[in-house]
Amino acid sequence: MSFIRPTASGSAFRALGLGLGSRGLHTSRALAIRASGVRRDAVIAADETAGFKYVPGGPVLKGTVNDATTFPEPSKSHGSYHWAFERLLSAALVPMTVGAAVSSGSAYPIMDGILAVSLIVHSHIGFDSCINDYVHKRKFPVLGPITAWALKIATGLSVWGVYEFNTNDVGLTELVRRVWTA
């Protein structure tokens, strides 16, 4: 049975009002064949593909993402130790946040500073992963390095701002406590 054009075996569906009825999508078979045919103005010649010549197997552009990747030199600081550090930092943020919530930030400024810097490093690692995944410098040779350096500058300014805020003002946990009770 066809859902587009019901056959005689679909009379039960038509009796219940579930089919397309006695009329098909086209009024005649000639119109249906003409509508599904290839139009002459839709055919594109082989030399009309925006100036690119067809290469069997697909085009291979030199110096782009189509090139084979080069493998970096093995590095312990950017391999499994890096992954383990990310997971350890993420897991350590939970007890640090609970400890900061229980205690006062002004009474324990060292813990307040460690929590603030840990949050900044955790955010930096996450944003750096996003930049590497979506704005990679190999695919975006101008925008990739600009965003990577912008992240490094923003992270440095954030660490400096947290240092100034914790030493010259109330600190991060006291700020959160005051905003929470406001």
Return the set of residues passing salt bridge (Lys or Arg N to Asp or Glu O under 4.0 Å) with R87 (not counting sequence neighbours), or none when no residue passes. none
So which atom in [X] and which in [Y] form the shortest heavy-atom distance, rounded to 0.1 Å?
X	Y	answer
A116	V162	CB-CG1, 3.2 Å
P145	K137	CD-CB, 3.8 Å
R177	A100	NH2-O, 3.9 Å
I125	F85	CD1-CE2, 3.9 Å

Output the distance between atom [atom1] ([X]) and atom [atom2] ([Y]), rounded to the nearest 0.5 Å.
X	Y	atom1	atom2	answer
M111	T173	CE	OG1	7.0 Å
D128	S123	CG	OG	12.0 Å
I120	L157	CD1	CG	10.5 Å

With sequence neighbours left out, which residue pairs that include part of residues 149-159 fulfil the side-chain hydrogen bond (donor to acceptor under 3.5 Å, both in side chains) condition? H124-T155
Please check if L93 and L172 belong to a single hydrophobic cluster, counting links between Ile, Leu, Val, Met, Phe, Trp and Tyr side chain heavy atoms closer than 4.5 Å. yes
Applying side-chain contact (heavy atoms from CB on, under 4.5 Å) to L143 and not counting sequence neighbours gives V135, F140, T147
Side-chain contact test, heavy atoms from C-beta onward, threshold under 4.5 Å: evaluate it for N166 versus P109 and give yes or no. no
A quick test of your reading: do over 12 heavy atoms of other residues, nucleotides or ligands sit less than 6.0 Å from NE2 of H136? yes
For F165, does the CZ atom have more than 12 heavy-atom neighbours from other residues, nucleotides or ligands under 6.0 Å away? yes
side-chain contact (heavy atoms from CB on, under 4.5 Å) with V117: of L115, L119, I114, V121, only one passes, and it is V121
